[in-house]
Amino acid sequence: MDLKLYNTLTRTKEAFVPLDWQGDLPEAERRVRMYVCGPTVYDFAHIGNARPVIVFDVLFRLLRHLYGDDRVKYVRNITDVDDKINARAAERDITIRDLTETTYANFREDVKALGCLPPTVEPRATEHIAEMKLLIERLVAGGHAYVAEGHVLFGVPSMADYGRLSRRPLDEMIAGAGITQPGRPGWHIECSAMSWKHLGETFDIHGGGIDLLFPHHENEVAQTRCAFDAPFMAQVWMHNGFLQVEGEKMSKSLGNFVTIRELLADWPGEVLRLNMLRTHYRQPVDWTVKGMEESWRTLDDWYAIAGDIETQVISGAVLEALTDDLNTPQAIAALHGLRSLAQGGDALAREELAGSLRLMGLLQESAAAWKARKSAGVDTATVESLISARNAARKAKNFAESDRIRDELATMGVVLKDSKDGTTWEVAR
RNA sequence: GGCCACGUGGCGGAGUGGUGACGCAACGGUCUGCAAAACCGUGUACCCCGGUUCAAUUCCGGGCGUGGCCUCCA
């Protein structure tokens, strides 16, 4: 199965061949190497932050499936040094370390609830200061950076094709270069340092939000390439699209700033995950309550039909969609098709549905546990006894009474489903 | 202002130079004491204007709209 990925560098979809598979490295030593820009830990992550985390988790899972679980090295950094962190810590009168530790712990919990696997390595910027210094020294020694007014600055003209990734003209960069504000050299040297340490001078995939394309990623490329005299930093650059909330840009001033933590109070993590994956990762996504409701219903259906199937079988159609630049909407359409076949009694389709959902990081709990999420807060014994009473009334053809009981249950949010096999119920949202 | 995305049926959302992806909603039917659920069925969509073509939603040019980056922001 060939994997195709859209490369921002070339603006085309390309067949993916990891670097280690291009040379004559012994089979056992080959690794797929991926770096994704992680959070700056100063506050709860918002739903926009969740997009790259979920998207690249799907890619991580797919790569593991294609190359083997132990063959993929996924590095997602933690930026725990930053002006915002300093300001926030001062504001709360706590130490920087306390703030970053707490925020990081929260982030890990959020991400776990979203069904994301831990990356192979989660390096912290503060633990890579030595590498940053080394990089800067190399850049200065190589004439790619210079010292001015007490700062080390990158010499933009030093890289002939600076701006290639973001397609910005070099002249504009040179004109814009210069000392504009005091402080540390803020050229995102941390990502160059951490990717170097954990993945090497060059690697396969670099991911992140489209908003990081410039200047963040452009700077990373320039530093890494100039420091190591390398023709490229990552083979493939992947960028996920932006997220809006209910049709508007998410911002604190509009009051529509949504944290992952807040959403998790009302919605299962898998609902958020599926909702994110319903849109292709490069498209802009509009985050809505309606969408989450629809996602929840879809998952209810999948859980009911395949929740308890244990299998490793994966649908060819789903795999084909995912290997075509992570076309998750197409994959979901294939899942609907499998669901329909499974409903008709196709046992293989049912297995493929369960296996494929798990490949995408969904269907991670039992059908019973999933269902229980909605009935939390409802007294099961009371509901069951009311249902018995209703069925007795129905048997006695006392339909006024049976309908009354049904209405009573409805006010509790309980919806009944009668079938030949008896009456089942669920809590409507 | 410069650069870059996006604009598909009531809604969400893939995709394609030529047979109406898929989901939700809606409507009709089967089932049901009646409903609900389930199942079956029903849809002549591709922002506007030009161009290329036998044929454009799909390619090209222009316009309009929305959003992003250019400055901390995913």
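Every chain is numbered from 1, with letters handed out A, B, ... down the list of sequences.
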**Euclidean distance, atom OH of residue Tyr6(A) to atom P of C4(B) [Å, nearest integer]** = 12 Å

**Message:** Does a side-chain N or O of Arg339(A) approach OP1 or OP2 of C39(B) to a distance below 4.0 Å, or not?
**Reply:** yes

**Message:** Taking the ring of His239(A) and the ring of His217(A), is the distance between their centroids below 6.0 Å?
**Reply:** yes

**Asked** Base, sugar-phosphate, or nothing: which does Gly291(A) touch, judged by heavy atoms less than 4.0 Å apart?
**Response** nothing

Give me, pair by pair, the N or O atoms of the protein and of nucleotides 63-66 of chain B that are less than 3.5 Å apart, along with how far apart they are.
none

**Asked** Looking across every strand, which nucleic acid part, if any, lies under 4.0 Å from His46(A) by heavy atom: base, sugar-phosphate, or nothing?
**Response** base

**Request:** Ignoring backbone atoms, establish whether Asn240(A) has a side-chain N or O less than 4.0 Å from OP1 or OP2 of A74(B).
**Result:** no

**Request:** Encode nucleotides 19-26 of chain B as B, S and - characters from 5' to 3', where the letter depends on protein heavy atoms closer than 4.0 Å: B to the base, S only to sugar-phosphate, - to neither.
**Result:** --BSBSS-

**Request:** For Ser295(A) and Asn275(A), test the side chains for any donor-to-acceptor distance below 3.5 angstrom and give the result as yes or no.
**Result:** yes

**Message:** Say we look at G12(B) and C46(B): how far apart would their C1' atoms be, to the nearest angstrom?
**Reply:** 15 Å

**Request:** Could you name each residue pair satisfying ring pair (Phe, Tyr, Trp, His ring centres under 6.0 Å) that touches residues 74-111 of chain A, not counting sequence neighbours?
**Result:** Phe60(A)-Tyr74(A)

**Prompt:** Which residue pairs satisfy the ring pair (Phe, Tyr, Trp, His ring centres under 6.0 Å) criterion with at least one member in residues 320-342 of chain A, sequence neighbours excluded?
**Reply:** Trp302(A)-His336(A)

**Item:** For atom CD of Gln343(A) and atom C1' of C40(B), their distance in whole Å
**Value:** 12 Å

**Item:** Dot-bracket pairing map - RNA chain B, Watson-Crick plus G-U, both contacts under 3.5 Å, | cross-strand
**Value:** (((((((..(((.....[...))).(((((.......)))))....(((((..]....))))))))))))....

**Message:** Starting the side chain at C-beta, find the nucleotide from C4(B), G7(B), A74(B) nearest to Gln283(A).
**Reply:** G7(B)

**Prompt:** Using a cut-off of 4.0 Å between protein heavy atoms and nucleotide atoms, how would you tag nucleotides 30-36 of chain B 5' to 3' with B, S and -?
**Reply:** -S-BBBB

**Message:** Tell me the interatomic distance from Met292(A), atom CE, to G12(B), atom C1', rounded to whole angstroms.
**Reply:** 14 Å

**Message:** Is a donor from one side chain sitting under 3.5 angstrom from an acceptor on the other, for Thr298(A) and Asp300(A)?
**Reply:** no

**Message:** Distance check, C1' atoms only: G9(B) and A26(B), in whole angstrom units.
**Reply:** 13 Å

**Message:** Do Asp82(A) and Thr40(A) pair up side chain to side chain, a donor and an acceptor below 3.5 Å, judged on atom types alone?
**Reply:** no

**Asked** Does the cation-pi check pass for Lys13(A) over Tyr6(A), that is, NZ or CZ under 6.0 Å from the six-membered ring centre and within 45° of its axis?
**Response** no

